[in-house]
Amino acid sequence: QVQLVESGGGLVQAGGSLRLSCAASKRALSTYAVGWFRQTPGQEREFVSAIGWSGRTTYYDDSVKGRFTISRDSAKSTVYLQMNSLKPEDTAVYYCAVDQNTRYSEYPTRIRPNYDYWGPGTQVTVSS
């Protein structure tokens with residue numbers, strides 16, 4: 001069982017930055033690909049970004065490409081999502097997730113149902 005917890009959310013003005021962190025128990029993240037998703041009320045949870053287990057491969061949704069950067073610190077078993085040039089439409093609850101079939105995989109998936117373990121989420125609110 002992988003337990004994940006996100007942190008770093010908050011309220012920021014448009015154009016500002018936040019860095020989200022995803023930590024896991026017992027260094028569980030260090031060998032898995034990790035994804036970030038976000039969800040607004042009444043909407044489906046959508047893919048934001050993902051990173052392969054070594055950090056060499058990263059994927060981004062077009063809506064955040066060039067503004068968000070995903071990275072990982074395997075020694076700390078933590079994955080980060082640096083969010084710059086935030087827009088009001090980035091307002092959502094952000095979740096990190098692990099697909100248990102991606103151990104030592106360089107190719108994370110963008111497909112939400114493939115992910116097995118989820119954190120409780122962290123709220124990001126961007127004011128205009």
Side-chain angles (χ1 to χ4, degrees):
Q1 185 83 15
V2 177
Q3 293 181 321
L4 307 174
V5 60
E6 305 91 344
S7 61
L11 172 64
V12 64
Q13 289 188 330
S17 299
L18 286 173
R19 188 177 79 158
L20 306 184
S21 298
C22 174
S25 57
K26 301 179 181 178
R27 298 180 52 81
L29 277 186
S30 62
T31 57
Y32 289 93
V34 175
W36 282 97
F37 291 76
R38 64 187 181 186
Q39 188 172 23
T40 55
Q43 302 297 316
E44 291 194 354
R45 199 167 295 186
E46 64 178 13
F47 173 79
V48 176
S49 182
I51 188 167
W53 85 274
S54 74
R56 286 197 295 267
T57 304
T58 57
Y59 299 146
Y60 298 94
D61 184 76
D62 286 346
S63 64
V64 305
K65 201 171 292 183
R67 300 187 298 122
F68 291 11
T69 303
I70 191 170
S71 62
R72 68 188 307 155
D73 183 338
S74 295
K76 296 182 179 180
S77 195
T78 302
V79 172
Y80 303 99
L81 185 68
Q82 178 67 44
M83 307 187 297
N84 298 329
S85 302
L86 283 162
K87 304 175 180 179
E89 51 263 44
D90 294 319
T91 295
V93 178
Y94 283 71
Y95 301 88
C96 64
V98 166
D99 173 356
Q100 65 178 351
N101 295 313
T102 62
R103 194 170 190 190
Y104 299 117
S105 172
E106 289 293 354
Y107 304 105
T109 178
R110 301 168 186 253
I111 303 173
R112 178 179 51 82
N114 284 13
Y115 285 83
D116 306 289
Y117 302 109
W118 295 84
T122 185
Q123 175 71 46
V124 171
T125 303
V126 184
S127 63
S128 57

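Keep in mind that the numbers below use all heavy atoms, side chains included, and drop hydrogens, waters and symmetry copies. For the single chain, residues carry numbers from 1 onward in sequence order.
For Glu106, the salt bridge (charged side-chain N to carboxylate O under 4.0 Å, His left out) test picks out Arg56, with sequence neighbours left out. Every residue two or more places apart in sequence or in another chain that forms a side-chain contact (heavy atoms from CB on, under 4.5 Å) with Ser71 is listed here: Tyr80. Gln123 meets the side-chain contact (heavy atoms from CB on, under 4.5 Å) test with Thr91, Val93, Thr125; sequence neighbours excluded. Residues passing the side-chain contact (heavy atoms from CB on, under 4.5 Å) test with Ser105, sequence neighbours excluded: Thr102, Tyr107. Applying the side-chain hydrogen bond (donor to acceptor under 3.5 Å, both in side chains) test to Asp99 and every residue at least two apart in sequence or in another chain returns nothing. Contacts of Arg67 classified as salt bridge (charged side-chain N to carboxylate O under 4.0 Å, His left out), with partners at least two apart in sequence or in another chain: Asp90. Legend: residues meeting ring pair (Phe, Tyr, Trp, His ring centres under 6.0 Å) with Phe47, ordered by chain and number and at least two apart, are Phe37.
Taking OG1 of Thr58 as the start and CZ of Arg72 as the end, the distance is 11.5 Å to the nearest 0.5 Å. Note that CD1 of Ile51 is 7.0 Å distant from OH of Tyr60, once rounded to the nearest 0.5 Å. One distance of note links CD of Gln82 with OG of Ser21; it measures 9.5 Å at 0.5 Å rounding. With rounding to the nearest 0.5 Å, the separation of OH in Tyr94 from CZ in Arg45 is 13.0 Å. Taking CH2 of Trp53 as the start and OG1 of Thr31 as the end, the distance is 7.5 Å to the nearest 0.5 Å.
The shortest non-hydrogen separation linking Asn101 to Asp116 is N-OD2, 4.4 Å.
A side chain to side chain donor-acceptor pair (under 3.5 Å) check over residues 7-19, counting only residues at least two apart or in different chains, returns the pairs Ser17-Asn84. Sorted by first and then second residue, the disulfide bond (SG atoms under 2.5 Å apart) pairs with a member in residues 28-73 form an empty list; sequence neighbours excluded. Sorted by first and then second residue, the pairs that involve residues 48-101 and meet disulfide bond (SG atoms under 2.5 Å apart), not counting sequence neighbours, are Cys22-Cys96.
By the neighbour-count criterion of 12 heavy atoms within 6.0 Å, atom CD of Gln100 is densely surrounded, having more than that number from other residues, nucleotides or ligands.
Side-chain contact between Tyr115 and Pro108 is present, with heavy atoms from C-beta onward closer than 4.5 Å. In this structure, the side chains of Val126 and Leu18 stay at 4.5 Å or more apart for every pair of heavy atoms. Residues Arg38 and Val64 have side chains in contact (heavy-atom distance under 4.5 Å, counting atoms from C-beta outward). Counting only heavy atoms from C-beta outward, the side chains of Glu46 and Asp61 never approach each other to under 4.5 Å. Leu20 is listed as a side-chain neighbour of Met83, based on a closest heavy-atom distance under 4.5 Å.
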Please evaluate residues Tyr95 and Val48 with respect to the criterion side-chain contact (heavy atoms from CB on, under 4.5 Å), reporting the C-alpha separation (whole Å), side-chain torsions for both, the decisive distance (0.1 Å), and the verdict. CA-CA 9 Å; Tyr95 301 88; Val48 176; over 6 Å; no
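Other residues sharing a hydrophobic cluster with Leu11 under the 4.5 Å side-chain heavy-atom criterion for ILVMFWY residues do not exist; the residue is a singleton. In the hydrophobic clustering, where aliphatic and aromatic side chains (Ile, Leu, Val, Met, Phe, Trp, Tyr) are joined below 4.5 Å either directly or transitively, Val5 stands alone.
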